[in-house]
Number of protein chains: 2
Amino acid sequence: MPADPMPADPVAAEPMTAEPAPRPLTRIQKRNIDAILEAALEVFSAQGFRGATLDQIATAAGLSKPNLLYYFPSKEAIHLELLNSLLDDWLAPLREMRATGEPRDEIMRYMRRKLEMSRAMPRESRLFANEILQGAPRMAGTLAVDLKALVDDKAAIIRGWAAAGKIAPVDPHHLLFSIWALTQHYADFDVQVRAVLGPGHDPFAEAEPFLDTLFERLLRP
Amino acid sequence: MPADPMPADPVAAEPMTAEPAPRPLTRIQKRNIDAILEAALEVFSAQGFRGATLDQIATAAGLSKPNLLYYFPSKEAIHLELLNSLLDDWLAPLREMRATGEPRDEIMRYMRRKLEMSRAMPRESRLFANEILQGAPRMAGTLAVDLKALVDDKAAIIRGWAAAGKIAPVDPHHLLFSIWALTQHYADFDVQVRAVLGPGHDPFAEAEPFLDTLFERLLRP
DNA sequence: CCTGATGCTGACCGTTCGGTCAAACGACCC
DNA sequence: GGGTCGTTTGACCGAACGGTCAGCATCAGG
């Protein structure tokens, strides 16, 4: 009988307080866990949490359902792991906004990076949109603490820029909301945008100059 | 045996081609059908289609599940009836945009009405948001035909205003997208907005002057 | 007060879903 | 080639869900 009664949760035992044995991941573990998270992102983002089934995720990952549950203890755990591991990437562009940069450049760069993320990562956008739409039952805490802290921090920077006359005096929080709303709209409501535009359009390519103009005019002192 | 084998579908037999008997609704029918649609709006908008259960809707409507299914043939039918009966109200503000009005006034009025609808009808907004997010499986046709026709019509008007120099030259479709995105964001992502702002804020009250400024600056020739 | 149509319900059904388990498989090392 | 540990699976389970049905309750009109 081994000292450590595996197979208890190959994931998640990683960035915690001093654990007895971090136990590095097997090649097979890494491959399968990655496949599961990729498949789960595909299914959860398209169907929502309740709409997705373990069989769909297992099939998309090329595994059987029991095998999937060998790597994750529950459907909920997969969803949570997805949300937590993707949140950092999702907020990275905002984190990179620097008080020392040129104000208009910093904001415009942030907006463009967010639009690019909506284009390149629509599934992640829809995953979060689904979660927030349902009232953020699994993220309310994170939003009210971590996200709020980050946003308040950047809002203070923006407020400083406005006070110094570098940009027009706008409400910093709602400026950020408007960037989120406008960029994520093209990912979350993609089918509606394409239905309205009709064939032969590239929504993101058209959105870029439009949003450039919009925010240029809004921010010009 | 009566000529008309009721109780076949108290709803829906109304604005069709010449039917044998429109059969007016009983007081009880009207009351219960209204209660069901109200309850279904509450539940579907909060949980999505798959996340909602007939028991939840029945309980919220103060009925038993079989009784609910006496008035509607299926869960799908309730959802469809909701979407169709609410779509008109949802698009009404856009329909009222007049080519004969003052361009800036017309657009600003539309934006304000949309924001007001997000404030007063957040459940409807989330119902549609859920549907679009999942790829609009039940509305793709309507979007590509009816909505596209309406939008193209209004886009032509806006394009005319821009060509006449009444407003700044902006892409009309993306102008409408930006109005949708910015106003519906406050309904659909309400929990996130409130989590970030913290207590003691009225998101919609703050959004109004911000969006006023934003669109004033965007549209000024 | 009778009667037929409308309104309502408890019990039930088949399916789907999240999750479990004992057993088998397979790769690697002695 | 035998033991071991990580990996995989078929079969199964209980709960939840959408939906059905036979029969009872209620109501309006004569």
Side-chain angles (χ1 to χ4, degrees), chain A residues 1-11 13 21-36 39-40 43-44 47-82 137-138, chain B residues 1-11 13 20-36 39-40 43-44 47-82 138:
Chain A
M1 188 193 197
D4 186 4
M6 289 283 276
D9 195 359
V11 193
R23 185 79 69 112
L25 293 188
T26 308
R27 251 201 336 273
I28 298 180
Q29 281 175 348
K30 177 147 183 32
R31 189 208 344 130
N32 283 345
I33 289 175
D34 285 354
I36 291 170
V43 176
F44 280 137
Q47 318 261 52
F49 180 74
R50 294 268 328 239
T53 72
L54 287 179
D55 283 288
Q56 285 177 325
I57 300 174
T59 300
L63 301 175
S64 64
K65 186 170 64 171
N67 198 12
L68 186 155
L69 287 165
Y70 169 75
Y71 290 101
F72 288 88
S74 69
K75 181 184 178 183
E76 179 85 30
I78 304 177
H79 192 241
L80 223 58
E81 174 69 20
L82 257 190
R138 301 161 246 272
Chain B
M1 186 192 199
D4 186 5
M6 286 283 276
D9 194 359
V11 193
R23 184 78 69 114
L25 292 189
T26 308
R27 254 202 333 271
I28 297 180
Q29 283 176 347
K30 178 151 182 26
R31 178 188 18 111
N32 284 344
I33 289 175
D34 284 354
I36 291 171
V43 176
F44 280 137
Q47 319 259 42
F49 180 75
R50 294 265 335 237
T53 72
L54 287 179
D55 283 288
Q56 286 177 326
I57 299 174
T59 300
L63 302 175
S64 64
K65 187 169 65 171
N67 198 11
L68 187 153
L69 288 165
Y70 170 74
Y71 291 100
F72 287 89
S74 69
K75 182 184 178 184
E76 179 85 29
I78 303 176
H79 192 243
L80 223 58
E81 175 68 20
L82 257 190
R138 300 162 247 271

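When reading the values below, keep in mind they use all heavy atoms of this one structure, side chains included, and skip hydrogens, waters and symmetry mates. This structure is a prediction, so every number in the text was calculated from the model and none was measured. So that the names make sense, note that chain A is the first sequence line, chain B the second, and so on, each numbered from 1.
Within residues 55-63 of chain A, no residue approaches DNA chain C, by heavy-atom distance under 4.0 Å.
Using a 4.0 Å cut-off, some side-chain N or O of B:Y70 falls inside it from OP1 or OP2 of C:dG7. Put simply, B:N67 has no side-chain N or O that comes within less than 4.0 Å of OP1 or OP2 on C:dG7. OP1 or OP2 of C:dC8 has at least one side-chain nitrogen or oxygen of B:N32 nearer than 4.0 Å.
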Cut-off 3.5 Å, no hydrogens considered: what does the side-chain donor-acceptor table look like for residues 48-63 of chain A, sequence neighbours left out?
from  : atom 1 : to    : atom 2 : distance (Å)
A:R50 : NH1    : B:G51 : O      : 3.2
A:T53 : OG1    : A:Q56 : N      : 3.1
A:Q56 : OE1    : A:T53 : N      : 3.1
A:T59 : OG1    : A:D55 : O      : 2.9

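At whole-Å resolution of the value, CG in A:L69 and C1' in D:dT8 are 13 Å apart. For B:L54 and D:dG18, the CG to C1' distance is 6 Å, given to the nearest whole Å. The CD-C1' distance, from B:E76 to D:dG19, rounds to 14 Å in whole Å.
Screening residues 68-77 of chain B for salt bridge (Lys or Arg N to Asp or Glu O under 4.0 Å), with sequence neighbours left out, gives B:E76-B:R138.
For B:I28, the side-chain contact (heavy atoms from CB on, under 4.5 Å) partners two or more places apart in sequence, or in a different chain, are B:T26, B:R31, B:N32, B:Y71.
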Revision key, fill the gap. Protein heavy-atom contacts under 4.0 Å, written 5' to 3' over nucleotides 23-30 of chain D as B (base), S (sugar-phosphate only) or - (none), form the string -----S--

Table of protein N/O atoms under 3.5 Å from nucleotides 10-16 of chain D N/O atoms:
none

